[in-house]
**Student:** 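Once you've had a glance at the structure underneath, I'll fire off some questions.
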Amino acid sequence: MTPSPRRPLLAALLCACALAAGGCGAPGGLGAGTPAPPVSIQPRPEPLWPAWTNAPGEPVGRREPAPMPLQRAPALGADGLVGVDPTAVVRADPRMRPYLGRDEIRTPGRAGIRPPVYRDLTGDGRQELIVAADTATGRSALSVYAVVHGKIVSILFTMGRQMAAEAVGTDLLVRIAADDGSEQAVRYHWDGDRMTVVNDERSFRKSGTDCADPEERTTPGCAAERSQHAKDPEEPKGSSR
């Protein structure tokens, strides 16, 4: 029997229609009559403490009052804190006053008061005064002074060992050596009243002979292990009271 020439053409048309519908035995596709696999339901977050779900950033306790202006602070001039004697400002601050009488130091390794630094940390275009003092025990004290309503106010006071500080825009990053051998980096940001902690990060380095060499500390064996805590500092403790 001679096959009809219409059968191959009909088969080709049927396969073309099946391909358009995603069938015709395409690789990875479902064959005719094969049921679709069930859709897996993704787990949804289930709050463990529902009362805390809508306010994860609520502070514990009540907000501290704004810091008070320094008593017996020097008068301000047209240049604000830039035109004021830093020693007179420190003398008016009870927390920094004990560090007066030490020599001004230009390099680390000796006890004394570091050169004053001026940076805009409040974002108002005016320069704040940053003062730090090093002690013979290796601890340092740092205070930031700003002009608030025409008065000199200490908006940050903190202490720590082997202290270093950096300005990150209008934020202040303070690095210290923690008691467990790690480095702690605390970032402060102006909140309208004082410099408050917005990030607290500790870095732990694995022990090893190669880790003592600064050039080898980037190797995998000396990789830093970091833990971050937002708005929950342990040391140093920023204070403005």
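The chain is numbered in sequence order, starting from 1. Just the heavy atoms: all of them, side chains too, but no hydrogens, waters or symmetry mates, feed the values below.
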**Student:** Can you tell me how far the OG1 atom of Thr107 sits from the CZ atom of Arg110, to the nearest 0.5 Å?
**Tutor:**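 That separation rounds to 6.0 Å.
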
**Student:** Looking at Arg102 and Asp134, is there a salt bridge between them, counting it only when a charged N and a carboxylate O are closer than 4.0 Å?
**Tutor:**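 Not counted as a salt bridge, because no side-chain N and carboxylate O are separated by less than 4.0 Å.
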
**Student:** Working to the nearest 0.5 angstrom, can you tell me the gap between Met195 CE and Leu172 CG?
**Tutor:**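 Met195 CE to Leu172 CG: 5.5 Å, rounded to 0.5 Å.
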
**Student:** Main chain of Val82, side chain of Asp79: is a donor-acceptor contact present, judged purely on distance under 3.5 Å?
**Tutor:**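 Checked: no pair found.
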
**Student:** Taking C-beta and beyond as the side chain, do Asp171 and Leu121 meet within less than 4.5 Å on heavy atoms?
**Tutor:**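 With C-beta onward as the side chain, the pair stays apart.
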
**Student:** Give the minimum heavy-atom separation between Ser140 and Met163, together with the two atoms involved.
**Tutor:**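 Closest heavy-atom pair between Ser140 and Met163: O-CE, 3.6 Å.
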
**Student:** Linking I/L/V/M/F/W/Y whenever any side-chain heavy atoms sit under 4.5 Å apart, do Ile105 and Ile176 land together?
**Tutor:**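 Ile105 and Ile176: separate clusters.
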
**Student:** Decide side-chain contact (heavy atoms from CB on, under 4.5 Å) for Ile113 and Leu100; before the verdict, give the C-alpha distance in whole Å, the side-chain angles of both, and the deciding distance to 0.1 Å.
**Tutor:** CA-CA 8 Å; Ile113 298 181; Leu100 286 177; 4.1 Å; yes

**Student:** Can Leu76 and Val147 be said to form a side-chain contact (heavy atoms from CB on, under 4.5 Å), step by step?
**Tutor:** CA-CA 9 Å; Leu76 293 168; Val147 177; 3.6 Å; yes

**Student:** If every non-hydrogen atom of Met96 is compared with every non-hydrogen atom of Phe157, which pair is closest and at what distance?
**Tutor:**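 Scanning both residues completely, I find the closest heavy atoms to be SD-CE1, 3.6 Å.
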
**Student:** Report yes or no: do Leu173 and Val197 belong to one cluster of Ile/Leu/Val/Met/Phe/Trp/Tyr joined by side chain heavy-atom distances under 4.5 Å?
**Tutor:**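 Result: no, two separate clusters.
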
**Student:** Could you go step by step and tell me if Arg187 and Asp200 meet the salt bridge (charged side-chain N to carboxylate O under 4.0 Å, His left out) rule?
**Tutor:** CA-CA 6 Å; Arg187 185 165 179 166; Asp200 180 3; over 6 Å; no

**Student:** Taking Arg119 for the side chain and Ala167 for the main chain, is one N or O donor matched with an acceptor at less than 3.5 Å?
**Tutor:**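 No.
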
**Student:** Quick check for you: to the nearest 0.5 Å, what is the distance between Tyr188 atom OH and Ile155 atom CD1?
**Tutor:**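 Here the rounded value is 12.0 Å.
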
**Student:** Do Val89 and Val84 come close enough that some side-chain heavy atom pair is under 4.5 Å?
**Tutor:**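 Yes; the side chains approach each other to less than 4.5 Å.
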
**Student:** Give me the one residue out of Val117, Val144, Val153 that meets side-chain contact (heavy atoms from CB on, under 4.5 Å) with Glu128.
**Tutor:**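 By the side-chain contact (heavy atoms from CB on, under 4.5 Å) criterion, Glu128 pairs with just one of Val117, Val144, Val153: Val144.
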
**Student:** Checking Asp191 side chain against Thr196 main chain: does a donor-acceptor pair fall under 3.5 Å?
**Tutor:**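 No: the side chain of Asp191 does not pair with the backbone of Thr196.
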
**Student:** Minimum heavy-atom separation for Leu142 to Ala165, with atom names?
**Tutor:**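 Residues Leu142 and Ala165, closest heavy atoms: CD1-CB, 4.2 Å.
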
**Student:** Are Arg175 and Glu166 within salt-bridge range, i.e. N to O under 4.0 Å?
**Tutor:**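 Answer for the salt bridge query: yes.
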
**Student:** Any luck finding a side-chain donor-acceptor pair between Ser143 and Ser154 under 3.5 Å?
**Tutor:**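 A donor-acceptor contact under 3.5 Å links the two side chains.
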
**Student:** Provide the closest heavy-atom pair for Ala146 versus Thr122 in the form atom of the first, atom of the second, distance.
**Tutor:**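 Looking at all heavy atoms of both residues, the shortest contact is CB-CG2, 4.5 Å.
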
**Student:** Return the CZ to CG distance between Arg194 and Leu156, rounded to the nearest 0.5 Å.
**Tutor:**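 The CZ atom of Arg194 sits 10.0 Å away from the CG atom of Leu156.
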
**Student:** Report, as yes or no, whether the 6.0 Å neighbourhood of atom CZ on Arg161 holds more than 12 heavy atoms from other residues, nucleotides or ligands.
**Tutor:**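 For Arg161, atom CZ is crowded (more than 12 foreign heavy atoms under 6.0 Å).
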
**Student:** Indicate yes or no: does Glu104 engage Arg106 in a salt bridge with an N to O separation below 4.0 Å.
**Tutor:**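 A salt bridge links Glu104 with Arg106.
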
**Student:** Determine, step by step, whether Tyr145 and Val131 satisfy the side-chain contact (heavy atoms from CB on, under 4.5 Å) criterion, reporting the C-alpha distance in whole Å, the side-chain angles of both residues, the deciding distance to 0.1 Å, and the verdict.
**Tutor:** CA-CA 8 Å; Tyr145 302 97; Val131 177; 4.1 Å; yes

**Student:** Looking at every heavy atom in both Ser182 and Asp180, which two are closest together, and how far apart are they?
**Tutor:**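 So the minimum-distance heavy-atom pair works out to OG-OD1, 2.6 Å.
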
**Student:** Check Leu129 against Pro116 and note the closest heavy-atom contact, atom names and distance.
**Tutor:**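 Looking at all heavy atoms of both residues, the shortest contact is CD1-CB, 3.7 Å.
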
**Student:** Just by modelled atom types, is the Gln162 backbone N or O under 3.5 Å from a matching donor or acceptor in the Arg139 side chain?
**Tutor:**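 Such a contact is absent between Arg139 side chain and Gln162 backbone.
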
**Student:** Are Asp85 and Arg91 close enough for a salt bridge, meaning some N to O gap below 4.0 Å?
**Tutor:**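 Looking at Arg91 together with Asp85, the answer is no, because their closest N to O distance does not fall below 4.0 Å.
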
**Student:** Is it the case that one hydrophobic cluster holds both Tyr118 and Leu70, taking links as side-chain heavy atoms less than 4.5 Å apart, direct or via other members?
**Tutor:**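 Tyr118 clusters together with Leu70.
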
**Student:** Rounded to the nearest 0.5 Å, what's the gap from CD on Gln127 to CG on Leu81? Could you check?
**Tutor:**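 Interatomic distance, Gln127 CD to Leu81 CG, rounded to 0.5 Å: 9.5 Å.
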
